[in-house]
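Structure first, commentary second.
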Amino acid sequence: MEKYVFESGLEAEFVSSRQNPRVVQTAKLEQKKYRDAEKVFLLDGVKLAHEALEFSVVKEVFLRQSDAEKLRPEATAAHEAGARVTVLSDAAFERITTENAPQGIVTLAVQRDIPEAAPELCRGRFTLMLDSVRDPGNLGTILRSASALGDPAVVLHSCADLWSRKTVRAAMGAVFKSSVSVTHDGASFVREARSAGLRVIASSPRAGGLTLGEFTPGENDVVIIGNEGHGVSDEIIAECDTTLLIPMRENVESLNASAAANVILWEAARRGK
């Protein structure tokens, strides 16, 4: 096995071939089925490497050979955390990154366990439920905003993959710390939440229910943001207590999912929920 020796004396494994089995296997993690089978995911860039190291979920750090010495602090931190450190030739590194301008580091991290959504996980705190938010950039942005604005509970139903590179990149570390749970039956979760005394509110562009700014988000409120194109499903709306309108100027298209979520999260945080 080849070695790469840093100027500090730190040793790492070195892989030169793009066809190396470990390089091939790592590249496959771009696909959800391989990520889920191994319970791992990939992160690109220095900042996310630091976030992963902070939360002690790093299995391996891959460094591009031409950037290895510059990234020696990250290599050292990974080594001290007990993670494997591997330097790849530039050609091999290209196979495991999807960035147009990669920073020379890809981190292999362990997926945390995401619990099944249950009313008791939402009780006593504001909750944001996402119904079929399929764009990973939107999902990641919402998680990042939730982490910044009060850390509400977040329930995912039929959403984009939490561990995709695009989600992780947009979330900028929030995947490590957001209070996320998942439900595979959104309507059933809403029924259970209401039976447990939670108020469930579906965001909707149609008037007739509550209007944001004129109601106070409560500790036991669950507000639902829907799919980017179709909104909250009719099946789920039918199970909710009421709807929520975000007031906007006339003849303006509705906000996209992440923008709507951000406005609602800010309002809840402003009122201290």
Side-chain angles (χ1 to χ4, degrees), residues 32 44 48 98-100 114 117 122 126-175 177-184 186-187 189-190 200-215 217 221-271 273:
K32 185 179 186 301
D44 293 275
L48 286 175
T98 58
E99 296 288 288
N100 292 325
I114 304 298
C122 306
F126 180 74
T127 299
L128 190 70
M129 178 176 171
L130 306 181
D131 175 33
S132 301
V133 174
R134 301 291 175 80
D135 182 272
N138 278 339
L139 175 58
T141 298
I142 293 169
L143 293 177
R144 184 177 183 180
S145 296
S147 181
L149 297 171
D151 188 29
V154 179
V155 175
L156 306 181
H157 172 246
S158 297
C159 289
D161 182 21
L162 182 62
W163 307 111
S164 79
R165 268 175 152 139
K166 290 182 179 179
T167 302
V168 172
R169 185 186 306 117
M172 286 306 294
V175 292
K177 51 196 174 186
S178 296
S179 301
V180 176
S181 60
V182 63
T183 179
H184 301 288
F189 170 77
V190 170
V200 186
I201 305 163
S203 62
S204 170
R206 299 187 294 271
L210 303 172
T211 299
L212 191 68
E214 297 177 1
F215 96 108
D221 281 347
V222 179
V223 175
I224 308 175
I225 298 292
N227 174 268
E228 291 86 351
H230 307 291
V232 180
S233 71
D234 291 339
E235 179 187 17
I236 288 179
I237 289 179
E239 300 292 344
C240 293
D241 290 289
T242 186
T243 58
L244 174 63
L245 172 70
I246 299 175
M248 296 183 294
R249 294 171 56 194
E250 293 183 5
N251 302 318
V252 175
E253 288 289 336
S254 60
L255 298 174
N256 78 2
S258 61
N262 290 346
V263 172
I264 292 168
L265 286 167
W266 184 87
E267 180 69 7
R270 182 177 74 87
R271 294 175 181 265
K273 302 305 177 185

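Index from 1, following the sequence.
One distance of note links CD1 of I246 with CD of E267; it measures 10.0 Å at 0.5 Å rounding. In this structure, the separation between CG on N100 and OG1 on T98 is 8.5 Å, given to the nearest 0.5 Å. Expressed to the nearest 0.5 Å, how far OG of S179 lies from CD1 of I114 amounts to 10.0 Å. Distance CE/M129 to SG/C122: 9.5 Å, rounded to 0.5 Å. With values rounded to the nearest 0.5 angstrom, S145 atom OG is found 12.0 Å from I264 atom CD1. Interatomic distance, S181 OG to F189 CZ, rounded to the nearest 0.5 Å: 6.0 Å.
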- Query: Between L245 and L210, does a side chain to side chain contact (heavy atoms under 4.5 Å, CB included) hold up when you go through it step by step?
  - Reply: CA-CA 6 Å; L245 172 70; L210 303 172; over 6 Å; no
- Query: side chain to side chain contact (heavy atoms under 4.5 Å, CB included) between L162 and L143: does it pass, once the steps are laid out?
  - Reply: CA-CA 10 Å; L162 182 62; L143 293 177; 3.4 Å; yes
- Message: One pair to check against side chain to side chain contact (heavy atoms under 4.5 Å, CB included): I201 and I224. What are the steps and the verdict?
- Response: CA-CA 6 Å; I201 305 163; I224 308 175; over 6 Å; no
- Evaluate the criterion side chain to side chain contact (heavy atoms under 4.5 Å, CB included) for residue pair L255 and N262; output intermediate values, then yes/no. CA-CA 10 Å; L255 298 174; N262 290 346; over 6 Å; no
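With contacts defined as side-chain heavy-atom distances shorter than 4.5 Å, the pair S164/T167 qualifies. Residues L244 and L212 are in side-chain contact: their nearest non-hydrogen atoms beyond the backbone lie under 4.5 Å apart. Here the side chains of S203 and V232 are in contact, with some heavy-atom distance below 4.5 Å. Looking at D131 and N227, their side chains never come closer than 4.5 Å, going by heavy atoms from C-beta outward. Using a 4.5 Å cut-off on side-chain heavy atoms (C-beta onward), P136 and D161 make no contact. Inter-residue side-chain proximity for L265 and P152 is flagged as met; some heavy-atom pair is nearer than 4.5 Å. Put simply, the side chain of L139 reaches to within 4.5 Å of the side chain of L130, judged on heavy atoms. Within the 4.5 Å cutoff, the side chain of R270 has no heavy atoms near those of the L149 side chain.
No option in T141, N138, D135 other than N138 meets the side-chain hydrogen bond (donor to acceptor under 3.5 Å, both in side chains) test with S258. With T127 as the fixed residue, the side-chain contact (heavy atoms from CB on, under 4.5 Å) test singles out one of V155, D221, V154: V155.
A donor-acceptor contact shorter than 3.5 Å links the side chain of S233 to the backbone of I236. Judged purely by atom type and a 3.5 angstrom limit, D241 uses its side chain to pair as donor or acceptor with the backbone of V200. For the pair E228 (side chain) and R134 (backbone), a donor-acceptor distance under 3.5 Å is present. H157 places no side-chain N or O within 3.5 Å of a backbone atom of T183 that could act as its donor or acceptor partner.
Remark: R165 does not engage E99 in a salt bridge, criterion side-chain N to carboxylate O under 4.0 Å.
Of all non-hydrogen atoms in A170 and G137, the two that sit nearest each other are CB-O, 3.5 Å.
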